[in-house]
Amino acid sequence: MSKPVIATASLAGCFGCHMSLLDIDDRILKLVELVEFNKSPIDDIKTFTKPVDVGLIEGGCCNSENVENLRAFRKNCKVLVSVGECAIMGGLPALRNGIPVRECLEEAFLNSPTVAPEDRIIPNDEEIPIVLDKVYPCHEIVKIDHFLPGCPPSADLIWEALTALVEGRPLNLTYEMIKFD
Ligand code: SF4
C-alpha cells in the first residue's frame with residue numbers, strides 16, 4: 001500500500017518551524033517509514049509530482065511568490081496546516097504592518113547606515129516577487145484546516161498532529177504540548 005504523502009513550505013518564515021519538525025530527533029526514522037515527502041525544502045523537490053495528503057505551511061505571506069506558493073499548496077493538499085505563529089497570524093514579520101511599504105524599502109535599501117552610497121537602490125527586477133502591502137496570515141489567503149501554535153511549535157506537537165493526520169486519528173493535542181511563544 002502506498003504511504004501517505006506530505007509536503008512542506010516556508011513562506012515568510014525563518015525555517016525555525018522546519019527545524020522544530022526535525023527536532024523530533026530519532027522519530028524522524030519512523031516518519032520516513034510512515035510517509036513519503038513530496039514538495040519540500042527538506043528533500044528539495046520543487047514542484048508537486050502527485051496529490052498530497054497533508055501540507056505543512058510555515059510563514060505567512062509577505063510577497064506575491066508566497067501567495068502563489070500557498071495557493072498551489074491548497075490546490076494540491078487534501079489537508080493544509082498552518083504551522084507556527086507566522087503562518088497563523090503573520091508572526092514577527094507582521095511588525096511591519098502599519099508602516100508603509102515604501103518606508104520599509106527606503107529604510108532597508110536607501111537609508112540604512114550599512115548600505116554603501118553606491119549601492120543605494122531599491123531592487124526592481126521582474127524576477128523579484130512584489131512585496132505585499134502587509135504580511136498576511138495564511139488563512140486570509142486560502143482555507144486552512146488546522147493551526148499549530150508556537151514560535152516554533154514544539155516538536156511533540158508537530159509529531160502528534162502530523163502522525164494523527166496521516167493515520168486518520170483524531171488529534172490529541174495536550175496542554176503540555178502547546179505554547180504560543
Ligand atoms: S513561527 Fe517562529 S520559528 Fe516559525 S517561521 Fe515564524 S519566526 Fe520562525
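Counting convention: from 1, in listed order, for ligands and their atoms alike. We count residues from 1, following the sequence as given.
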- Item | Electrostatic pair Arg27-Asp25, nearest N-O below 4.0 angstrom | no
Side-chain donor/acceptor pairs under 3.5 Å, residues 80-92, sequence neighbours excluded:
from, atom 1, to, atom 2, distance (Å)
Glu85, OE2, Gly150, N, 2.8

- Query: Are any of the side-chain nitrogens in Glu33 or Lys3 under 4.0 Å away from the carboxylate oxygens of its partner?
  - Reply: no
- Item | Proximal protein heteroatoms (N, O or S) of atom 2 (Fe) of ligand 1, under 2.8 Å | Cys151 SG
For residues 109-117, please give each side-chain donor-acceptor pair under 3.5 Å, one per line with the distance, not counting sequence neighbours.
from, atom 1, to, atom 2, distance (Å)
Ser112, OG, Thr114, N, 3.2
Ser112, OG, Thr114, OG1, 2.9

For residues 168-181, which side-chain N or O atoms pair as donor and acceptor with protein atoms under 3.5 Å away, sequence neighbours left out?
from, atom 1, to, atom 2, distance (Å)
Arg169, NE, Glu167, OE1, 2.8
Arg169, NH1, Glu160, OE2, 3.2
Arg169, NH2, Thr163, OG1, 3.1
Arg169, NH2, Glu167, OE1, 3.1
Lys179, NZ, Pro152, O, 2.8
Lys179, NZ, Asp181, O, 2.7

- Which pair of non-hydrogen atoms, one from Phe37 and one from Ile45, has the smallest distance, and what is that distance? O-CD1, 3.9 Å
